[in-house]
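Order of the sequence lines sets the chain letters (A, B, ...), proteins ahead of strands, with each chain counted from 1.
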Amino acid sequence: MERYFLGVDIGSLTTKVVLVDGQGGILAWAVGRSGYSGRDVAQRLTGEVLSDKGLQAEFIQTTVATGYGRVTYPADREVSEITCQAKGIAHFFPEARTVIDIGGQDSKVIKLLPGGKVSDFAMNDKCAAGTGRFLEVMAGALEISLEEVGELAAKAEEHRAISSFCTVFAESEVISHVSAGARKADILAGVCDSVAARVAALVERVGLEPEVVFTGGVAKNSGVVMALNHELGYQLVVPDNPQITAALGAALLARGTNL
Amino acid sequence: MIKFPGFRGYRCACYPVEPARPSPRNAGFRGCRYARDTVMFLSFTDTDAVLRNRVKSWEDESVDNRELWASLGMDLGKHDEFLAPLPGAYTNLFLERSRRPRAMSYFDAVVGDIHGIRVKELVAAKENGHKVFATFCVYVPEEIIVAAGSACIGLCAGAQYTVPAAEKVLPRNLCPLIKSAMGFKLERICPYFQVADWVIGETTCDGKKKAWEILNDYVPTYVMELPQKKRVQDNAFWEEEVREFAAFVEKETEVKLTKDNLAEGIAKINRKRAALKRLAALRQASPAPIHGLDVLVINQLAFFDDPERFASRVELLCTELEERVAQNEGVAPPEAPRILITGTPQPIPFWKIHALIEQAGGVVVGEETCTGERYYRDLTEPASNKDGMLVNIARRPLNVNCACFTPNAGRVKDILSLADNLRVDGVIDFTLQFCQPYGVESHTVAKELEKREIPHLRLESDFSEEDQGQLKTRIEAFLEMLK
């Protein structure tokens with residue numbers, strides 16, 4: 001009987017599950033809002049992924065959980081999202097030496113050795129600046145969806161600077177830009193610049209070594225990708241599904257356990 | 001359920017009936033802030049009969065402390081609320097771990113009655129005409145206080161519970177240690193503060209220096225001025241400060257310092273430091289014979305307890321650990337990553353960092369901190385006359401490499417030699433939020449560790465528990481990196 005391996009990443013905003021086969025190929029994956037119980041969401045997503053492929057839970061040989069909610073999930077092993085992220089990225093981008101990961105409440109910069117071992121990392125302090133949550137609040141203040149941010153920011157003519165890193169004060173700044181009659185696109189470009197500036201400072205702490213891969217939910221936002229490319233003076237590599245790379249790393253670690 | 005006996009008779013809104021064990025989500029605490037500070041979601045499960053018996057034996061000694069606290073003018077309601085979660089937290093973090101040394105039971109009992117027995121001793125000493133001097137820093141010469149027959153105690157300064165009260169008089173962006181201590185006094189929660197005749201402050205940072213001026217409105221505060229460099233003239237200046245302090249202690253206690261009582265004071269404190277050094281040396285062994293968290297609580301109690309009794313109990317523990325080491329027994333598997341902590345002090349009951357590291361599978365084998373090496377590494381050299389003794393008392397702390405000095409190259413040397421001696425796999429540089437000297441020095445520490453390819457992690461936190469998730473991720477990733 002073919003065996004499968006499951007990676008579960010319960011993040012602060014979203015939960016991701018990835019199922020891989022014995023060769024490490026991605027069989028299926030799913031993403032959902034973590035909501036009140038990331039564990040329940042993870043189990044529901046796993047059920048969906050399995051039924052989608054016509055598989056039963058018994059086919060899963062090993063599960064590795066990662067992300068903030070990892071302790072709540074009944075996995076075989078828990079591994080930090082930093083190690084999982086490194087594993088997932090090294091699998092698809094063997095040349096990657098730096099990973100920039102921006103999730104819901106964290107931004108991280110991870111330095112990799114050849115083979116995907118972590119050699120150093122830096123994380124934001126307990127503050128939402130430069131995270132997905134920051135973007136979400138600012139998008140909310142402008143009454144647009146997160147998905148629209150990139151497209152709108154690309155249309156900016158003049159970037160409206162957001163000087164405050166504090167999410168609460170930055171939101172007031174956004175609102176005062178609005179009342180001053182600034183265009184949404186210009187404000188959004190400023191918001192993306194703010195995230196990029198914050199993350200660039202984090203990159204400087206560990207040093208930028210190409211190739212640089214950008215992951216996490218925020219990597220789906222073309223506005224931030226553009227702002228970061230500009231800020232770092234380097235063209236970032238963004239995977240097709242940047243949100244699931246840590247869950248993929250967890251699944252690969254689950255598979256590795258059984259090799 | 002295991003009851004924590006030293007706390008019998010406490011009532012608090014958090015515990016409507018008997019103190020309940022904290023559930024993984026602190027459900028039992030009903031919003032007590034202190035509970036959220038200290039209770040970690042640890043899962044050390046060991047409910048052996050030995051533990052039960054140990055707990056039972058203390059129950060018989062349980063005493064009613066409320067009269068004592070009332071007589072010290074404490075706010076009993078707030079004090080109840082403050083202490084209520086401690087039994088659950090301590091049971092969870094300490095008592096339930098397996099393979100703890102038997103000799104830890106003494107220290108458990110001291111924590112179990114942290115505001116009782118020792119406070120009673122101090123009150124009794126005062127009734128006999130002795131004084132109580134309360135301190136915050138390893139630079140204050142406790143030998144002189146002990147020589148005069150008085151008591152030297154460290155002050156409570158490691159809890160979030162008292163921080164909001166302190167923020168009424170102090171800026172929010174100030175070191176949590178200063179805020180916590182100030183809050184204990186403002187709220188009248190710490191019996192040590194209440195029993196103290198004097199607080200002996202020092203000028204190790206600007207925050208403390210200015211806070212003493214405010215604290216002096218609530219309790220008489222004497223300030224020793226510590227130099228910021230270690231040149232010959234600085235040493236001479238500090239010697240003068242120590243002499244002045246000795247004269248102050250003589251005046252306050254009405255006890256003349258002599259060659260004999262100073263020799264005795266030095267011997268008592270030296271014995272305490274030597275015992276702690278012996279304990280520290282045992283942590284070189286692999287597998288580690290004792291958890292870092294247990295040593296941390298011992299180091300914290302070193303500031304409170306009677307020095308002679310404390311030293312004898314640490315010696316007893318060392319003897320037990322020597323047997324363990326001889327038999328190659330330990331508390332963690334030999335492959336568990338060995339961690340050295342460096343940075344700011346971790347005052348009681350701040351156990352978060354050690355607990356998270358050891359919960360994640362590491363073992364803390366040393367602390368290059370004031371609640372560690374800096375307190376006990378150097379002993380006071382003996383001398384043949386009173387003046388020589390005072391000179392040596394002044395000289396000892398100047399070997400301590402606190403970030404308040406500039407330059408402070410000695411600290412990097414200390415870290416490197418500890419990393420080598422203790423065969424550590426990684427160093428965690430922990431800084432309390434808003435601590436400028438250590439926060440800035442982190443850069444130098446990181447650079448030097450980098451040069452020698454010693455893995456290291458910088459952490460910044462305070463006494464609250466809201467950042468536990470982030471700390472846990474960093475610590476686990478760091479330990480995974482070391483494997």
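We find the OG-CG distance between B:S180 and B:L174 to be 11.5 Å, quoted to the nearest 0.5 Å.
Under the rule for a ring-ring contact (aromatic ring centres under 6.0 Å, His included), the partners of B:F430 that lie at least two apart in sequence or sit in another chain are B:F350. The side chain to side chain contact (heavy atoms under 4.5 Å, CB included) search around A:S12 returns A:Q105, not counting sequence neighbours.
Near-neighbour residues of residues 476-483 of chain B relative to chain A, defined by a heavy atom under 4.5 Å from a heavy atom of that chain, comprise B:E476, B:A477, B:F478, B:E480, B:M481, B:K483.
Residue contact with chain B, scored on non-hydrogen atoms closer than 4.5 Å, involves the backbone of A:S119 exclusively. For A:V71, the part lying under 4.5 angstrom from a heavy atom of chain B is the side chain only. With a 4.5 Å cut-off on non-hydrogen atoms, B:L459 does not touch chain A at all.
When each of B:A360, B:G469, B:A446, B:P455 is checked for heavy-atom pairs under 4.5 Å with chain A, B:G469 comes out on top.
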Apply salt bridge (charged side-chain N to carboxylate O under 4.0 Å, His left out) to the pair B:D467 and B:K352, showing each step before the final yes or no. CA-CA 10 Å; B:D467 61 350; B:K352 180 164 72 175; 3.0 Å; yes

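The residues A:R97 and A:E211 are annotated as not salt-bridged, no charged nitrogen and carboxylate oxygen being separated by less than 4.0 angstrom.
A:D9 and A:T66 share no side-chain donor-acceptor pair at under 3.5 Å.
Applying the salt bridge (Lys or Arg N to Asp or Glu O under 4.0 Å) test to pairs two or more places apart or on separate chains, those with a residue in residues 438-447 of chain B are B:R411-B:E441.
Of the candidates B:D420, B:L449, B:I454, B:L449 is the only one forming a side-chain contact (heavy atoms from CB on, under 4.5 Å) with B:I415.
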